A.B. asks: 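A single structure is presented below for examination.
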Amino acid sequence: MTTSEPASSGCASGPHDRPQSMCPAFGSLRVGLRMRRTATVLSGSACCVYGLSFTSHFYGARRTVHYVPFDSETLVTGKLFEDIREAVHQLADPEKNDVVVVINLCVPSASGVPLRLLPKEINGVRIIGIDVPGFGVPTHAEAKDVLAGAMLGYARHEAEQGPVAAPREGRQDKPTVTLLGEMFPADPMTIAALLEPLGLANGPVVPTREWRELYGALDCAVTAAIHPFYTQCVRELELAGRPIVGSAPVGYDGTAHWLEAIGQAANVPTKKIDEAKNRFLPAIKGALSAVPIKGRITLSGYEGSELLVARLLIESGADVPYVGTACPKTPWSQVDREWLEAKGVRVNYRATLEEDIAAIDEYGPDLAIGTTPVVQEAKQRALPGLYFTNLISARPLMGPAGAGSLGQVINAALANKVRFDRMKGFFGDIGQGPSAGIWQEVPQDRPEFRKKQRRSIPIKSITGEVL
Ligand code: SF4
């Protein structure tokens with residue numbers, strides 16, 4: 001029952017030393033591409049931009065990814081910055097755009113291409129330049145916060161100068177709760193229903209879908225840090241004087257605690273908070289017991305919602321001994337961490353792939369939920385695995401709608417063990433280790449080469465000392 005601190009051990013000394021996730025800039029790019037009237041420009045190596053634009057269109061972006069190419073000469077002579085400035089001027093058309101976002105990838109960030117020297121505004125169009133290098137921003141989740149936080153900061157300064165645009169649907173007549181974190185589309189609706197008896201309403205979800213929503217986000221009574229890694233956004237909202245509440249309304253205990261915390265932060269009378277709890281908690285209990293989960297599950301991911309999902313699994317009856325998250329430890333997941341640790345769960349922040357796989361060895365689960373390589377490792381061992389991003393975080397989690405929503409997919413995966421055993425029995429060790437891939441002659445293993453290469457790599461202790 002321990003909580004790991006951010007990895008400073010010898011096993012992960014940075015994304016470029018040991019790449020373990022997609023390019024983090026994807027998080028910022030996605031936030032920009034999902035906003036109306038927003039032009040997003042990448043500045044970086046062509047291969048990085050190819051991968052990022054491919055991935056963004058794979059995930060359904062319907063916007064153009066702009067790109068300012070460079071070579072060694074334009075990089076070292078400063079011409080690249082001039083090219084970026086020219087691109088920004090071309091895109092700063094107030095008829096089309098509210099904001100132009102420029103994202104420095106690894107090479108321009110490392111070379112110090114000074115996006116801070118871009119004009120802050122051209123023809124009324126806001127210009128925002130951010131550095132999102134893989135060696136500086138550990139996960140794509142945190143890269144979402146880099147851009148969303150920069151936008152909130154810009155909008156906060158605008159609001160301090162004078163009147164700003166009202167929300168498209170007009171201002172709410174109730175105090176609002178801003179929601180931090182991308183969620184399944186039904187979740188904000190469920191949260192709105194939970195807030196209604198408290199006399200509160202949903203504010204915008206940050207990252208927002210258009211610029212004017214940022215003002216609405218800043219204009220809240222309370223901010224709910226549903227995803228706990230939005231630290232730059234939290235800083236901006238705190239500077240605007242807004243109280244922050246961590247965790248989320250997941251499961252029975254989580255919803256009860258969240259309603260109390262939000263209600264207290266918004267000065268809602270205790271009687272109303274109790275009424276809300278009495279209205280929703282029995283339905284949540286019923287939904288959880290209707291789809292019980294029986295089995296041992298290890299869980300890991302890089303979305304930032306791993307602790308919330310683990311709470312739901314445990315309340316559904318699952319045995320969850322380990323939760324790994326690539327995201328850092330922040331105050332906004334403390335309630336979830338304490339709840340999980342009280343149930344005997346090992347919570348591992350800044351978890352590496354090796355640690356997530358070691359947890360499978362240690363706990364021998366019936367199902368491993370994780371990132372693609374964790375799931376691949378599990379399936380190679382004939383162990384059912386579920387990909388967190390596509391199969392778990394793309395489901396409702398909040399309130400009565402979230403309770404029990406995981407049961408069906410988890411139970412179907414648990415029931416697959418027999419099929420895995422059958423496949424394993426049929427294929428044996430074919431296609432593994434030295435016999436992987438397509439070959440014409442029977443491949444020969446060369447353990448002596450591996451041994452020789454391993455000997456020439458220095459081994460570090462957990463404190464980073466070379467042994
Ligand atoms: S920008 Fe950096 S982290 Fe992203 S793909 Fe390029 S080299 Fe990798």
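We count residues from 1, following the sequence as given. Remember, it's a predicted structure, so these values are computed and weren't measured experimentally. Every heavy atom of this structure was used, including side-chain atoms; hydrogens, water molecules and symmetry mates were not. Whatever order the structure lists ligands and atoms in, that order sets their numbers, starting from 1.
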A.B. asks: Looking at atom 2 (Fe) of ligand 1, is one of the N, O or S atoms of Cys48 less than 2.8 Å from it?
C.D. replies: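 It does not; every qualifying atom lies at 2.8 Å or beyond.
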
A.B. asks: List the atom of Ala248, the atom of Trp258, and the distance in Å for their closest heavy-atom pair.
C.D. replies: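 In terms of heavy atoms, the two residues are closest at CA-CD1, 3.6 Å.
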
A.B. asks: Go through ligand 1 atom by atom and flag the ones less than 4.0 Å from a non-hydrogen atom of Leu105.
C.D. replies: 1 (S)

A.B. asks: Relative to each other, are the rings of Trp211 and Tyr215 parallel, tilted or perpendicular (30° and 60° limits)?
C.D. replies: perpendicular

A.B. asks: For Asn104, is there any backbone N or O sitting under 3.5 Å from a side-chain donor or acceptor partner on Ser109?
C.D. replies: yes

A.B. asks: Which atom names give the shortest non-hydrogen contact between Phe229 and Glu303, and what distance separates them?
C.D. replies: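 Shortest heavy-atom contact: CE2-O, 3.1 Å.
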
A.B. asks: With a cut-off of 2.8 Å, does Cys106 place any N/O/S atom under that distance from atom 4 (Fe) of ligand 1?
C.D. replies: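 It does not; every qualifying atom lies at 2.8 Å or beyond.
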
